[in-house]
Every structure is written in structure tokens, then in C-alpha cells.
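Step one of this worksheet: look at the structure below.
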Amino acid sequence: MPDIREITDFSAPELDIYARLTEGQLRSGHSLDDALFIAESPKVIERALDAGYEPVSLLMERKHVEGQAKDVIARCGDIPVYTSSLDVLTQLTGFKLTRGVLCAMRRRPEPSAEEVCRGARRIAVLEDIMNPTNLGAIFRSAAALGMDAVLLTPACSDPLYRRSVRVSMGTVFQVPWAHIGGELTDWPEKGMALLRAWGFRTAAMALRDDSVSIDDPVLMAEDKLALVLGTEGDGLSARTIADCDYTVRIPMSHGVDSLNVAAASAVAFWQLSAK
């Protein structure tokens, strides 16, 4: 039976994870068992459950208990389900709940980069992508357009931040991902060496005079290809571009010099997936 609890005390410590702890605090915890993230909306929560993530508690508008969250509640066993009206929840959390349902879930041990790349033919490598919206959009494109895995450099934003998870529509739970290196100094030299050791040719998405078009037949014929995309402002570092086997451009019209990294990723994934 679900444990439905009407919110009457905003200061209750069990509500800290929704109202008072930062995402960094949720992530750190005292141990992995204490490390949490927030999934928002029934569809996203269901994808997290499908992937084996453990729910801790739910927070939702009262009307969703027998409405759009009914199936989610049934799958979550006897965890607490905190409810109230939308106005009260907005006051508690400080923002309007987009889909009226939040779920606190436990993080899981992150696999190694080698594990997620095992058997993969097309992977995306994200260098220092800091914007959670862009990160979530890239994951959604990766899932939809045939990427086998996503690797993140140590300076990237967290794929399990609430906004990243929501923008990705839960695809962060469907596409295998891992960090390539644990220290900032591990990229690009050590990371590139690992990709080569695993048999990948690397393609830097960058605007350079020596770049090849994204529909170059030689590029498309590569058996194992890692598409490397750079940070929102400066793009890929010169060192990373120099270390890659290819520099690749997306042809532009009307004097436009480049696309947002999330849009560029969708074009690259579509064109270069192992169809």
C-alpha cells in the first residue's frame, strides 16, 4: 500500500531533498547509499525505474495520486508519497513543478568508460559541456539517433542533475555513459590514448580550414568512431582538435558560422551513426 503523507510542516527534514538541499549536496551524500538525484515527471521516473534506479520518496500534487502518477506509485512500493496542492508545493520547492511529480532516487555506482564502450561502434565524447539543458538535449539526441554510449570529460556537468534529466526525457537512463578520467588533467592526453586503445578513430566537431565535411565517405566508413563535441562558448580545445584523427564541419548557409552544441550533436549523430 502506498504511504500517502499530506504536507503540513514545511520544515520537516524529510522534505530537505526537495526544498533545501542543492544538487551538489544531493550528489555528495556521506556515502553512495546517501547520494541522490531528483527525477521529474511520470515518464522520466518510469524510465529511471526501468533502468533499475531505487526510489526513496515521491512529491506530487494531490490530484496525481489517483491520476497520472498512479502507475508510478504502484511501482515504488511503500516509500513515502508527499502530497499537497500545487500552490503549496510551489511555495515549498520555490519553482512550479512542470509535471506535478518529483521522485528522489538513489544514485548507482558509475561504470567505467571501458565498460560502456565495450561493443560500441559510435560514441559521443563531451568535452566540458557545462549547461545542463544542452547536456540533456545531447543525451536525447544520442538515444534517438543511434549513439551506443556517451563519455564525459571530468569538467562536464552532471547528467543526473534535475534539469539534465528532465530535458533528456529520461534518456540519461537509457544511453550508457561514464566519465573518461577522474581528474581534469586526464583529458585530452590520457582519454585520447584510451580511445585509441579501444579501437576508436576520433572526429572533432570544429570549424577549421582543414576540416572535412560531415558526409565525407571516408569518415562515414569508419568501423568505430568517437564524435568529440566541445563546450558551449569556446568549442573544443586546440589540443583536443590536434589529437583527433579528423576535424569535421557541418556545412552552413546564409553566413551562419556554427550551431549550438546540442543542435550540432543531433546533425552529427544522424549523419554518422552506424546505420
Side-chain angles (χ1 to χ4, degrees), residues 1-110 130-137 139-140 143 157-174 177:
M1 291 290 291
D3 181 10
I4 309 298
R5 303 185 188 185
E6 186 75 14
I7 294 172
T8 57
D9 181 6
F10 282 5
S11 65
E14 58 266 27
L15 298 178
D16 285 351
I17 55 180
Y18 297 107
R20 286 172 285 277
L21 296 183
T22 66
E23 299 214 59
Q25 290 170 322
L26 288 174
R27 179 180 182 177
S28 59
H30 298 295
S31 67
L32 184 62
D33 288 340
D34 299 321
L36 304 173
F37 68 92
I38 304 295
E40 181 178 351
S41 89
K43 180 183 289 295
V44 169
I45 295 168
E46 286 182 350
R47 285 180 170 167
L49 293 171
D50 290 343
Y53 285 89
E54 178 189 351
V56 173
S57 65
L58 288 155
L59 176 69
M60 66 185 66
E61 286 185 71
R62 191 184 301 111
K63 68 179 183 180
H64 294 321
V65 172
E66 292 297 329
Q68 65 176 345
K70 185 176 180 179
D71 291 342
V72 166
I73 293 173
R75 293 185 61 181
C76 288
D78 58 358
I79 66 171
V81 180
Y82 302 106
T83 71
S84 192
S85 66
L86 179 59
D87 289 345
V88 171
L89 294 182
T90 300
Q91 182 181 349
L92 171 68
T93 61
F95 56 85
K96 186 173 181 178
L97 303 187
T98 304
R99 298 294 180 186
V101 182
L102 298 177
C103 184
M105 311 190 90
R106 296 194 193 281
R107 288 175 177 264
R108 299 191 312 192
E110 184 180 316
M130 294 300 297
N131 185 302
T133 298
N134 283 337
L135 194 65
F139 266 91
R140 189 171 182 180
S157 183
D158 181 7
L160 296 185
Y161 278 171
R162 187 179 68 88
R163 186 164 183 81
S164 295
V165 172
R166 178 161 61 85
V167 172
S168 81
M169 289 300 294
T171 55
V172 294
F173 308 122
Q174 297 177 310
W177 60 268

Let me confirm one number: the [atom1]-[atom2] distance from [X] to [Y], rounded to the nearest 0.5 Å.
X	Y	atom1	atom2	result
Ser41	Met169	OG	CE	5.5 Å
Ile7	Glu14	CD1	CD	9.5 Å
Asn131	Tyr161	CG	OH	12.5 Å
Arg75	Asp50	CZ	CG	4.5 Å
Cys103	Ile45	SG	CD1	5.0 Å
Glu110	Trp177	CD	CH2	4.5 Å

Taking the side chain as everything from C-beta on, heavy atoms only, tell me whether [X] gets closer than 4.5 Å to [Y].
X	Y	answer
His64	Val81	no
Asp158	Ser164	no
Arg163	Glu23	no
Leu15	Arg20	yes
Glu46	Asp71	yes
Asp16	Gln25	no
Pro55	Leu49	yes

Where [X] and [Y] come nearest, the two heavy atoms and their spacing:
X	Y	answer
Val172	Leu160	CG2-CD2, 4.1 Å
Val101	Ala69	CG2-CB, 3.9 Å
Ala39	Met105	CB-SD, 4.1 Å

- prompt: Does Arg107 use its side chain to pair, donor to acceptor, with the backbone of Leu36 at less than 3.5 Å?
  reply: yes
- prompt: So, Thr83 side chain and Arg62 main chain: donor-acceptor pair closer than 3.5 Å or not?
  reply: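 Here the side-chain-to-backbone pair does not exist.
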query: Between Ile17 and Ser57, does a side chain to side chain contact (heavy atoms under 4.5 Å, CB included) hold up when you go through it step by step?
result: CA-CA 10 Å; Ile17 55 180; Ser57 65; 3.7 Å; yes
task: For Phe173 and Val165, run side chain to side chain contact (heavy atoms under 4.5 Å, CB included): C-alpha distance rounded to whole Å, both residues' side-chain angles, the deciding distance at 0.1 Å, then the answer.
output: CA-CA 9 Å; Phe173 308 122; Val165 172; 3.8 Å; yes
- prompt: Should Arg162 and Glu40 count as an ion pair when the cut-off is N to O under 4.0 Å?
  reply: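 The answer is yes: the pair qualifies as a salt bridge.
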query: After noting the C-alpha distance and the side-chain angles of Met60 and Ile73, does the key distance pass the side chain to side chain contact (heavy atoms under 4.5 Å, CB included) rule?
result: CA-CA 11 Å; Met60 66 185 66; Ile73 293 173; 3.8 Å; yes
field: Arg108 NZ/CZ over Tyr53 ring centroid, <6.0 Å and within 45° of normal
entry: yes
- prompt: For the residue pair Tyr82 and Tyr18, does the interplanar ring angle fall in the parallel (under 30°), tilted (30 to 60°) or perpendicular (over 60°) class?
  reply: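 Tyr82 vs Tyr18 ring planes: perpendicular.
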statement: Tested for side chain to side chain contact (heavy atoms under 4.5 Å, CB included) against Ile79, the lone hit among Leu58, Asp3, Val56 is Leu58
